[in-house]
A.B. asks: 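Here it is, the structure, as structure tokens.
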Amino acid sequence: MANQITGRVFSIGQTQSIQTKSGNPFTKREIVLDASKYDMYTGEKGFENYPMFEFTGEKCKDLDGYQVGQVVTISFDLQGGFYDDKD
């Protein structure tokens, strides 16, 4: 099951093309959300939270329809590998 986060678009980067070791281009684009928590009684900003997400390949074009200030929900899946630094 995917995780979700809702926030206001803080920034959207330009699509970047990066050369890989094999010489093939790799494209990526970043989006930053303002998902800060606000006190429901006073409206004051509490804990600041600005997560950044990277879109790669054909998914970079998915960000074209969004603008700074727009409220969005992003679904994501966390994955990672094990790293043992004891060697």
Side-chain angles (χ1 to χ4, degrees):
M1 173 181 261
N3 296 296
Q4 291 186 332
I5 189 166
T6 300
R8 193 169 302 276
V9 176
F10 183 74
S11 68
I12 301 175
Q14 297 295 320
T15 300
Q16 300 174 356
S17 183
I18 302 166
Q19 288 293 94
T20 62
K21 290 180 182 179
S22 64
N24 297 326
F26 173 79
T27 56
K28 72 174 190 171
R29 192 170 183 191
E30 299 172 349
I31 183 170
V32 178
L33 298 185
D34 178 359
S36 301
K37 304 295 183 195
Y38 292 85
D39 185 286
M40 62 186 281
Y41 299 108
T42 65
E44 292 179 10
K45 186 184 267 190
F47 179 71
E48 291 187 351
N49 188 16
Y50 290 89
M52 188 262 307
F53 296 90
E54 283 187 350
F55 285 61
T56 58
E58 292 295 317
K59 295 291 184 182
C60 293
K61 295 177 185 174
D62 291 351
L63 297 177
D64 289 344
Y66 297 99
Q67 297 177 353
V68 172
Q70 186 175 1
V71 175
V72 299
T73 298
I74 294 179
S75 297
F76 60 96
D77 188 23
L78 294 175
Q79 297 180 0
F82 177 74
Y83 175 74
D84 186 7
D85 64 350
K86 294 178 184 175
D87 292 333

A.B. asks: Once the angle between the rings of F53 and F76 is folded into 0 to 90°, is it parallel (under 30°), tilted (30 to 60°) or perpendicular (over 60°)?
C.D. replies: tilted
A.B. asks: Would you say OH of Y50 has more than 12 non-hydrogen atoms from neighbouring residues, nucleotides or ligands within 6.0 angstrom?
C.D. replies: yes
A.B. asks: Supply the atom-to-atom distance D64 CG to T15 OG1, rounded to the nearest 0.5 angstrom.
C.D. replies: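 Reported value, rounded in 0.5 Å steps: 7.0 Å.
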A.B. asks: To the nearest 0.5 Å, tell me how far I74 CD1 sits from N3 CG.
C.D. replies: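 It comes to 12.5 Å.
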A.B. asks: Taking C-beta and beyond as the side chain, do T27 and T56 meet within less than 4.5 Å on heavy atoms?
C.D. replies: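 Answer no - side chains too far apart.
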A.B. asks: What closest approach, in Å, do L33 and V9 show between heavy atoms, and which atom pair accounts for it?
C.D. replies: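 Result for this residue pair: CD2-CA, 4.0 Å.
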A.B. asks: Do I12 and R29 have side chains that get closer than 4.5 Å, going by heavy atoms?
C.D. replies: yes
A.B. asks: Please round to the nearest 0.5 Å and tell me the distance separating atom CG of L63 and atom CZ of F55.
C.D. replies: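 Nearest 0.5 Å value for the CG-CZ distance: 4.5 Å.
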A.B. asks: How long is the gap from OG1 on T73 to CD1 on I5, to the nearest 0.5 Å?
C.D. replies: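 Result: 9.5 Å between the selected atoms.
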A.B. asks: Is the CD atom of Q19 crowded by more than 12 outside heavy atoms at less than 6.0 Å?
C.D. replies: yes
A.B. asks: Mind checking side chain to side chain donor-acceptor pair (under 3.5 Å) for Q4 and listing every partner two or more places apart, or none if nothing turns up?
C.D. replies: S75
A.B. asks: What distance separates C60 SG from E54 CD, expressed to the nearest 0.5 Å?
C.D. replies: 9.0 Å
A.B. asks: Sequence neighbours excluded, which residues qualify as side chain to side chain donor-acceptor pair (under 3.5 Å) partners of S22?
C.D. replies: T20, N24
A.B. asks: Give a yes or no on whether L78 and I31 share a hydrophobic cluster (residues Ile, Leu, Val, Met, Phe, Trp, Tyr; joining criterion: side-chain heavy atoms under 4.5 Å apart).
C.D. replies: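 Per the 4.5 Å side-chain linkage, L78 and I31 are co-clustered.
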